[in-house]
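Below, read A as the first sequence line, B as the second, and so on, with proteins coming before strands; counting in each chain starts at 1.
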Protein chains: 2
Amino acid sequence: MKKKILNEVLQALDIKATKSRMELIEIILGSNDHMSIDDILNKVRKSKSNIGIATVYRTLKLLEDHNFIVKHVFKNNTIVYENTFDKAHHHHLIDINDGHVVEYENVDLEKLIHSIADQLGYELTGHSIELYGRKKVK
Amino acid sequence: MKKKILNEVLQALDIKATKSRMELIEIILGSNDHMSIDDILNKVRKSKSNIGIATVYRTLKLLEDHNFIVKHVFKNNTIVYENTFDKAHHHHLIDINDGHVVEYENVDLEKLIHSIADQLGYELTGHSIELYGRKKVK
DNA sequence: ATATTTGCAAACAGTTTGCGCTACG
DNA sequence: CGTAGCGCAAACTGTTTGCAAATAT
């Protein structure tokens, strides 16, 4: 991960740059993938430094509160943390066979949900749109 | 709740019609609302009969497995069970102020997500679409 | 009669918290 | 140095499980 990002994150959070935190941010924001807690804990355990589980959770919360990551609870009961740093708005399609996450953008979809909320008398403040599917054979 | 429904459920599940189960099905499917576990447990505690928590969870699982209810985990970390018995396909808009759930149907939305999945090379097998919003003032 | 289902309590998984020690600024 | 942050272990929450007793068929 670029040092620039690391600095930006630390600055935004306005916190001490401890060894544990630096390493955790590296692990969590270093990947562009969607990681489960287990993925993260495994990487943490593998690392030399002795980072406690509590610190992992505390750091995740910190990053989540500041919108650097988003926690997704999918219907198949899997929970993943997604690095949203520098990412454009998008949605997810989850492969029901291997759990793999496909990202996509779609302007029409955005327009449509805004208009639906509007028609219901609501101002849309957020949304969670997840598609589940299996790869087409052909 | 109509006895007809109760019978249909029991028959579909192919289980013994015990006193606890009857009462639980009554509580869970009797309401057209979205109930949290606490809502359910409170109703259970209020009732005369001495139903154990374990039985509540076991019955919920039973109903969920047979698609009489759907468990929703919303972004605000609230979990609700929705009675889907005899219900048309629909989606949800969650009021971020009071947690109230608005249901809606939208054909265009269905079409659009099918076409999106298709374009990504997937056959759509399921989806979860939740809008979050606040009531418009005017 | 007998196989299911129950309530209970203990077990469990995931996460959070209290605390005295550590190390950043 | 003083305090934010640490790792640890204990606590907590929500859910599941094992079991002997109860009950529907």
Tell me the interatomic distance from [X], atom [atom1], to [N], atom [atom2], rounded to whole angstroms.
| X | N | atom1 | atom2 | answer |
| --- | --- | --- | --- | --- |
| A:Glu64 | C:dT16 | CD | P | 10 Å |
| A:Lys61 | D:dA4 | NZ | C1' | 18 Å |
| A:Leu60 | D:dC6 | CG | P | 12 Å |
| A:Glu23 | D:dG7 | CD | C1' | 14 Å |
| B:Leu41 | C:dG7 | CG | P | 13 Å |
| B:Lys71 | D:dT16 | NZ | C1' | 12 Å |
| A:Ile53 | D:dA10 | CD1 | P | 14 Å |
| B:Leu13 | D:dT25 | CG | P | 13 Å |

Set of side-chain hydrogen bond (donor to acceptor under 3.5 Å, both in side chains) partners for B:Glu64, sequence neighbours left out: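 Residues passing side-chain hydrogen bond (donor to acceptor under 3.5 Å, both in side chains) with B:Glu64: none at all.
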
Can you find a heavy atom in the side chain of [X] that is under 4.5 Å from one in the side chain of [Y]?
| X | Y | answer |
| --- | --- | --- |
| B:Leu60 | B:Ile40 | yes |
| B:Phe68 | B:Ile25 | no |
| B:Ile28 | B:Asn83 | no |

Full working for side chain to side chain contact (heavy atoms under 4.5 Å, CB included) between B:Tyr81 and B:Leu63: CA-CA 10 Å; B:Tyr81 288 89; B:Leu63 292 173; over 6 Å; no

Interface polar pairs with nucleotides 19-25 of chain C, N/O, under 3.5 angstrom:
{"from": "C:dC24", "atom 1": "O2", "to": "A:Lys16", "atom 2": "NZ", "distance (Å)": "3.1"}
{"from": "C:dG25", "atom 1": "OP1", "to": "A:Ala17", "atom 2": "N", "distance (Å)": "2.9"}

Polar atom pairs between nucleotides 11-13 of chain D and protein, under 3.5 Å, N or O only, would you list them?
none

Do any side-chain nitrogens or oxygens of [X] fall under 4.0 Å of OP1 or OP2 in [N]?
| X | N | result |
| --- | --- | --- |
| B:Arg21 | D:dA24 | no |
| A:Thr55 | D:dG5 | no |
| B:Tyr57 | D:dT15 | yes |
| B:Asn50 | C:dT6 | no |

Heavy atoms from other residues, nucleotides or ligands near NZ of A:Lys136 exceed 12 (cutoff 6.0 Å):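 Result for NZ/A:Lys136: enclosed.
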
With sequence neighbours excluded, residues passing ring pair (Phe, Tyr, Trp, His ring centres under 6.0 Å) with B:Tyr132: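 Ring pair (Phe, Tyr, Trp, His ring centres under 6.0 Å) list for B:Tyr132, sorted by chain: empty.
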
Separation between CG of B:Leu24 and CG of B:Leu62, rounded to the nearest 0.5 Å: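 Rounded to the nearest 0.5 Å, the CG-CG separation comes out at 10.5 Å.
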
B:Ser115-B:Asp118 side chain donor-acceptor pair, cut-off 3.5 Å: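 The answer is no; no qualifying pair exists.
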
Residues that B:Glu103 engages under side-chain contact (heavy atoms from CB on, under 4.5 Å), provided they are two or more places apart: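 For B:Glu103 the side-chain contact (heavy atoms from CB on, under 4.5 Å) partners, ignoring immediate neighbours, are B:His34, B:Glu82, B:Lys87, B:His90, B:His92.
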
The helix from C:dA1-D:dT25 to C:dG25-D:dC1: angle between end helix axes, five pairs per end, rounded to 10 degrees: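 What I find for the helix from C:dA1-D:dT25 to C:dG25-D:dC1 is an axis angle of 30°.
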
Chi angles and distances behind the side chain to side chain contact (heavy atoms under 4.5 Å, CB included) call for B:Ile94, B:Glu130: CA-CA 7 Å; B:Ile94 298 99; B:Glu130 285 144 25; 4.0 Å; yes

Parallel, tilted or perpendicular, as decided by the 30° and 60° cut-offs, for the rings of A:His91 and A:His89: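 Perpendicular.
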
